[in-house]
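Atom set for the values below is all heavy atoms of this structure, side chains included, hydrogens, waters and symmetry mates excluded. We count ligands from 1, going down the list as the structure has it; atoms in each ligand are counted the same way.
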Amino acid sequence: MQSIISKLPNVQTSIFTVMSRLARKHEAINLSQGFPNFDCDERLKSLVFDYMKKGYNQYAPMAGIFELRNQLAMINESLYGRSFDPEEEITITAGATQAIYTAISAFVQAGDEVILIEPAYDSYKPSIEVNGGIVIPYGLTLPSFKVDWDAFAQLITDKTRMIVINTPHNPTASVFDEEDMKALERITKGTNIVVLCDEVYAFLVYDGQKHQSVLNFPDLYARSLATYSFGKTFHNTGWKMGYCMGPAHLMREFRKVHEFNVFSVNTPVQYAISDYIKDRETLFGLSAFFQQKRDLFGQLMEGSKFRLLPAHGTYFQLADYSAISEENDVDFAKRMTKEFGVAAIPISVFYSNLKDEKLLRFCFAKTDELLQQAAAKLIQI
Ligand code: PMP
Ligand code: GLN
């Protein structure tokens, strides 16, 4: 038997795979893994096909086609009132996961410390550890999931190479405000820390709040990389397309890794998206679309024993089930799938110490009919 020294000895099948598989097996309604059950826009699909038919089927430039990077630069300029150089500051990636992995690989060396805010999206930790980095967790606390930046700053040492943040935040659905960004800017000032800000839900912020991007804070942006997902934005998570933004000196290093872990990404899809987003409503209309779904799910769940927490951004809704069961969240999520026919994600798996706060995450990126069917089952519990 070949002997293997695993670089990731503790990694197991992701909770998203586990819960989606269980949902299929028990024919349960799947509100676990974060993907829409409705299709992406016909117009976008036609654009992809048009570009394929026109012969745009060979390698794209390493950093992505200029037209798409230029559209993204213009969109962000209109949002943040500053210019971004499409040649130097934007790279198109195979989804945010690749952008995150590439950013971490480009900067984190063996023995470097990386501070993660937990509960943390599941790809950050293995991406750090496979590069020899050491995860330093900072735990958010209920009910507000606010960061105490003085306590956070205590975690910074001379080994801290990177801080990973995520706003709007998966899985808590909380968002950073301007004060959070300023605090982060303050505590990283004068250090060599790179900030990786995962902004895949940048266009999914509710109740008139404004998404706080690192792009909007010049001193913070000077040390940051921001990651985005077209899959989350355009209802096509299976296309695995996204992008990364950052100042030229960081993007140069990012591209050194990008060039050799993917080189370049899907050409016709890049052309299609660059045309599609010329209609800015494809992006700016998303908040209203998903806020309606959040509110519908909230109304449908009225009278249930689940207690819904505030959801300020993302397409996820946290719910406390402590009035229903004392089981740990993983067991309860599995039993709920099997016995009550609705799958959700248990939150403990996003903490290094598997802290169980009796919370489940429901994805509301679903048709109104499916949300109605799911809620009808959930209120019986
Ligand atoms: N970051 C967060 C916070 C996510 O929820 C996801 C899942 N979409 C990703 C990154 C990965 O995005 P992608 O599917 O584009 O790789
Ligand atoms: N981002 C998705 C979620 O949070 C899952 C992506 C995946 O399955 N890796 O549910």
Any chance you could measure Phe297, atom CZ, to Phe290, atom CZ, to the nearest 0.5 Å?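 If I round to the nearest 0.5 Å, the distance is 14.5 Å.
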Taking 4.0 angstrom as the limit, do [X] and [Y] come out as a salt bridge?
| X | Y | value |
| --- | --- | --- |
| Asp356 | Lys358 | yes |
| Arg69 | Glu87 | yes |
| Lys125 | Asp122 | no |
| Lys45 | Glu42 | yes |
| Arg43 | Asp275 | no |

Give a table of atom pairs where an N or O of ligand 2 lies under 3.5 Å from a protein N or O.
from     : atom 1 : to     : atom 2 : distance (Å)
ligand 2 : 1 (N)  : Tyr121 : OH     : 3.3
ligand 2 : 1 (N)  : Lys232 : NZ     : 3.3
ligand 2 : 4 (O)  : Asn170 : ND2    : 2.9
ligand 2 : 4 (O)  : Arg361 : NH1    : 2.9
ligand 2 : 8 (O)  : Gln33  : NE2    : 2.7
ligand 2 : 10 (O) : Gly34  : N      : 2.6
ligand 2 : 10 (O) : Arg361 : NH2    : 2.7

Report all protein residues having a heavy-atom distance below 4.0 Å to some atom of ligand 1; order the list by chain, then number.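 For ligand 1, the contacting residues are Gly95, Ala96, Thr97, Ile100, Tyr121, Tyr124, Asn166, Asn170, Asp198, Val200, Tyr201, Ser229, Lys232, Lys240.
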Do the two ring centres, one from His169 and one from Phe350, sit under 6.0 Å apart?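 Ring centroids of His169 and Phe350 are no less than 6.0 Å from each other.
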Determine which pairs satisfy ring pair (Phe, Tyr, Trp, His ring centres under 6.0 Å) with at least one residue from residues 75-110, sequence neighbours left out, and list them in order.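 As it turns out, the ring pair (Phe, Tyr, Trp, His ring centres under 6.0 Å) pairs with a partner in residues 75-110, which skip direct neighbours, are Phe84-Tyr221.
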Identify, with sequence neighbours excluded, every residue that meets ring-ring contact (aromatic ring centres under 6.0 Å, His included) alongside Phe263.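 Result, ring-ring contact (aromatic ring centres under 6.0 Å, His included) vs Phe263: Tyr59.
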